[in-house]
Student: 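Please find one structure pasted underneath; my questions will follow.
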Amino acid sequence: MMIEQLTKEKFNEALLKAKTICLLGHISPDGDCIGSVLGAYNYIKNLPGGSEKTVQPYLEEINKKFYFLKGSNIISSARDGIKYDLAVVLDCADIGRIGKLGSYLEDAERSLLIDHHITNPGFCDMALVRGDASSASEVLYTLMDEQYVDKAVAECIYTGIVHDTGVFRHNTTHRSTMEIAGKCMDYGIDFGSIIEDSFFAMNFDQKVMLGYILNNMKSRFDGKLVYGWTDMAKRKELGAEKMDMEGMIDNMRSTTGALAAVYMYETLDGRVKASLRSNSDIIDVSVIAQKYGGGGHKRAAGCFVSKDFEKNIEEIAAEFGKQLKAAI
């Protein structure tokens with residue numbers, strides 16, 4: 001399949017031409033996924049004739065902390081057989097990451113891909129994948145005509161950037177990232193609340209869960225690798241079976257002396273998700289994630305693994321050790 005390079009001109013031309021558009025993100029949507037999908041939704045509605053278009057964002061259930069974003073109330077997870085003129089896929093490292101909602105992409109007449117994962121092999125009719133960008137939200141903004149960007153769009157883009165840069169801490173944060181964030185701030189968004197309420201804030205139960213994770217995490221390679229896991233039995237015991245587990249890995253990652261952190265947890269559907277973070281350029285966690293069919297970036301990646309936690313960590317530690325040895 002020949003994939004055409006998506007440009008700003010082609011992006012806006014496709015949006016203006018389509019009468020019905022569906023917006024798709026990845027399973028277990030995070031801040032960047034939600035921000036880019038809703039950023040695209042609000043932008044399309046601002047385009048000439050946008051109010052007359054059928055535009056539907058499809059995602060799995062999102063965390064309530066993102067309800068402040070305009071359009072969050074119309075997100076659907078239904079598979080109703082509707083066929084759209086155009087499907088826009090955002091923040092998906094590969095086609096499988098869309099999950100069950102991928103049928104909308106299959107049935108759409110045309111498709112666009114906007115992403116920033118270096119592991120993305122490319123799919124859709126036209127694609128823009130920038131592995132150097134901080135987030136899909138940043139890539140999306142570069143395709144937008146700024147005259148149709150408003151406060152609602154800016155809130156979405158800023159939220160996506162904040163979440164995928166760890167509040168501008170990750171090495172994918174560049175001058176261009178900060179410039180776009182600054183432009184979003186110029187629209188009068190409450191940037192402080194976005195950071196505090198959607199990224200850092202945890203309720204009491206989440207703090208208790210975090211305490212358990214930190215109290216039970218382990219290390220290898222003289223503390224250079226820290227890791228931990230939680231199965232569903234323990235999550236239920238702690239009343240955390242439906243809890244948002246995002247943010248836990250970043251608390252582990254900030255351990256002094258750690259080059260990488262790994263956290264595995266069983267999800268409600270019985271799968272085990274592994275979140276991986278690196279603090280150093282000598283450890284590329286995206287390589288580890290790819291071995292399990294996942295993907296991401298050099299310093300932040302994710303995948304699904306088996307329920308054999310001990311076996312998983314042995315395999316991950318082996319790859320970590322290989323990269324560590326190669327760097328010495």
Side-chain angles (χ1 to χ4, degrees), residues 1-27 29-30 32-60 71 74-76 79 82-149 152-153 156-157 160-161 164 180 295:
M1 176 181 172
M2 192 67 164
I3 301 173
E4 188 177 349
Q5 179 77 4
L6 180 62
T7 64
K8 184 174 183 176
E9 182 181 5
K10 291 175 181 177
F11 174 66
N12 286 280
E13 182 182 328
L15 297 183
L16 289 169
K17 183 178 179 181
K19 293 181 179 179
T20 61
I21 304 171
C22 64
L23 304 167
L24 305 168
H26 61 70
I27 54 177
D30 58 9
D32 184 32
C33 178
I34 298 164
S36 58
V37 165
L38 292 181
Y41 167 79
N42 287 297
Y43 176 74
I44 295 167
K45 285 298 184 180
N46 289 342
L47 292 174
S51 61
E52 300 168 9
K53 296 180 185 290
T54 297
V55 187
Q56 180 59 57
Y58 289 99
L59 291 172
E60 292 181 352
I74 67 162
I75 291 174
S76 172
R79 289 188 293 165
I82 298 175
K83 295 185 178 181
Y84 290 88
D85 296 336
L86 181 68
V88 183
V89 183
L90 301 112
D91 198 35
C92 280
D94 61 69
I95 195 168
R97 290 279 289 160
I98 306 174
K100 297 177 180 179
L101 296 171
S103 57
Y104 289 109
L105 173 61
E106 295 172 6
D107 294 337
E109 291 186 17
R110 293 283 289 169
S111 59
L112 311 177
L113 169 66
I114 301 167
D115 190 35
H116 68 124
H117 294 94
I118 58 174
T119 57
N120 195 321
F123 57 96
C124 292
D125 298 316
M126 291 191 285
L128 178 59
V129 179
R130 283 189 47 203
D132 63 321
S134 69
S135 55
S137 295
E138 178 180 339
V139 180
L140 172 63
Y141 186 89
T142 66
L143 294 171
M144 291 177 169
D145 186 333
E146 290 190 5
Q147 67 177 309
Y148 302 116
V149 174
V153 175
C156 295
I157 297 298
I161 290 174
D164 252 28
I180 291 172

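The structure displayed is predicted, hence computed values, not measured ones.
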Student: Looking only at side-chain N and O atoms, does Asp91 offer a donor or acceptor that is under 3.5 Å from a partner on Ser36?
Tutor: no

Student: Determine whether a donor-acceptor pair (N or O, by modelled atom type, separation under 3.5 Å) exists between the side chain of Asp85 and the backbone of Thr20.
Tutor: yes

Student: Are any non-hydrogen side-chain atoms of Leu140 and Ile157 less than 4.5 angstrom apart?
Tutor: yes

Student: Heavy atoms only: give me the nearest Leu86-Ala108 pair and the separation to one decimal.
Tutor: C-CB, 4.3 Å

Student: Give, for atom OG1 of Thr142 and atom CD1 of Ile180, the distance between the pair rounded to the nearest 0.5 Å.
Tutor: 6.5 Å

Student: Ser137 and Gly35: which non-hydrogen atoms are nearest, and at how many Å?
Tutor: OG-C, 3.9 Å

Student: Might you work through the side-chain contact (heavy atoms from CB on, under 4.5 Å) test for Ile21 and Ile44, ending with a clear yes or no?
Tutor: CA-CA 9 Å; Ile21 304 171; Ile44 295 167; 4.0 Å; yes

Student: Is a side-chain donor or acceptor of Asp164 paired with a backbone partner of Gly160 at a separation under 3.5 angstrom?
Tutor: no

Student: Got a donor-acceptor contact below 3.5 angstrom from the Asp32 side chain to the Ser135 backbone?
Tutor: no

Student: Where does the angle between the aromatic ring planes of Tyr43 and Tyr148 fall among parallel (under 30°), tilted (30 to 60°) and perpendicular (over 60°)?
Tutor: perpendicular

Student: So which atom in Cys156 and which in Asn42 form the shortest heavy-atom distance, rounded to 0.1 Å?
Tutor: SG-ND2, 3.7 Å

Student: Salt bridge check, Glu60 against Lys100: does any charged N sit closer than 4.0 Å to a carboxylate O?
Tutor: no

Student: Between Leu113 and Met126, does a side-chain contact (heavy atoms from CB on, under 4.5 Å) hold up when you go through it step by step?
Tutor: CA-CA 6 Å; Leu113 169 66; Met126 291 191 285; over 6 Å; no

Student: Do the side chain of Lys83 and the main chain of Glu109 share a donor and acceptor less than 3.5 angstrom apart?
Tutor: no

Student: Which heavy atom of Asp94 sits nearest to which heavy atom of Pro121, and what is that distance?
Tutor: CB-CD, 4.2 Å

Student: Is a donor from one side chain sitting under 3.5 angstrom from an acceptor on the other, for Asp132 and His116?
Tutor: no

Student: Is there a donor-acceptor pair under 3.5 Å between the side chain of Asp115 and the backbone N or O of Val129?
Tutor: no

Student: If I compare all heavy atoms of Asn120 with all of Cys92, which pair ends up nearest, and what's the gap?
Tutor: ND2-O, 2.8 Å

Student: Quick one: does Leu105's side chain get under 4.5 Å of Ile95's, heavy atoms only?
Tutor: yes

Student: What's the separation between atom OH in Tyr58 and atom OG in Ser103, rounded to the nearest 0.5 Å?
Tutor: 9.0 Å

Student: Report, as yes or no, whether the 6.0 Å neighbourhood of atom CD on Gln5 holds more than 12 heavy atoms from other residues, nucleotides or ligands.
Tutor: yes

Student: Mind checking whether Ile114 and Val88 have side chains closer than 4.5 Å, heavy atoms only?
Tutor: yes

Student: Would you please test Ile34 and Leu59 for side-chain contact (heavy atoms from CB on, under 4.5 Å) and show each step?
Tutor: CA-CA 8 Å; Ile34 298 164; Leu59 291 172; 4.2 Å; yes

Student: Using a 6.0 Å cut-off, check whether atom CD of Gln147 has over 12 heavy atoms from anything other than its own residue.
Tutor: yes

Student: Taking the side chain as every heavy atom from C-beta outward, state whether Asp125 and Leu112 have any pair of such atoms under 4.5 Å apart.
Tutor: no

Student: Is there a side-chain contact (heavy atoms from CB on, under 4.5 Å) between Asn12 and Leu47 once you walk through the steps?
Tutor: CA-CA 9 Å; Asn12 286 280; Leu47 292 174; 4.2 Å; yes

Student: Quick one, Pro57 and Leu38 - any side-chain contact, counting heavy atoms below 4.5 Å?
Tutor: yes

Student: For the residue pair Cys33 and Gly25, what are the closest heavy atoms and their distance?
Tutor: SG-CA, 3.5 Å

Student: Can a side-chain donor-acceptor contact be found between Tyr141 and Glu146 if the only test is distance below 3.5 angstrom?
Tutor: yes

Student: Can a donor-acceptor pair be found, under 3.5 Å and without considering hydrogens, that links the side chain of Lys19 to the backbone of Thr54?
Tutor: no

Student: To the nearest 0.5 Å, what is the distance between OH (Tyr104) and CD (Gln56)?
Tutor: 7.5 Å

Student: Please report the interatomic distance NE2(His117) to NE2(His26), rounded to the nearest 0.5 Å.
Tutor: 6.0 Å

Student: Is there a side-chain contact between Leu6 and Leu143 in this structure, where contact means two heavy atoms from C-beta onward sitting under 4.5 Å apart?
Tutor: yes

Student: More than 12 heavy atoms of other residues, nucleotides or ligands under 6.0 Å from NZ of Lys8: yes or no?
Tutor: yes

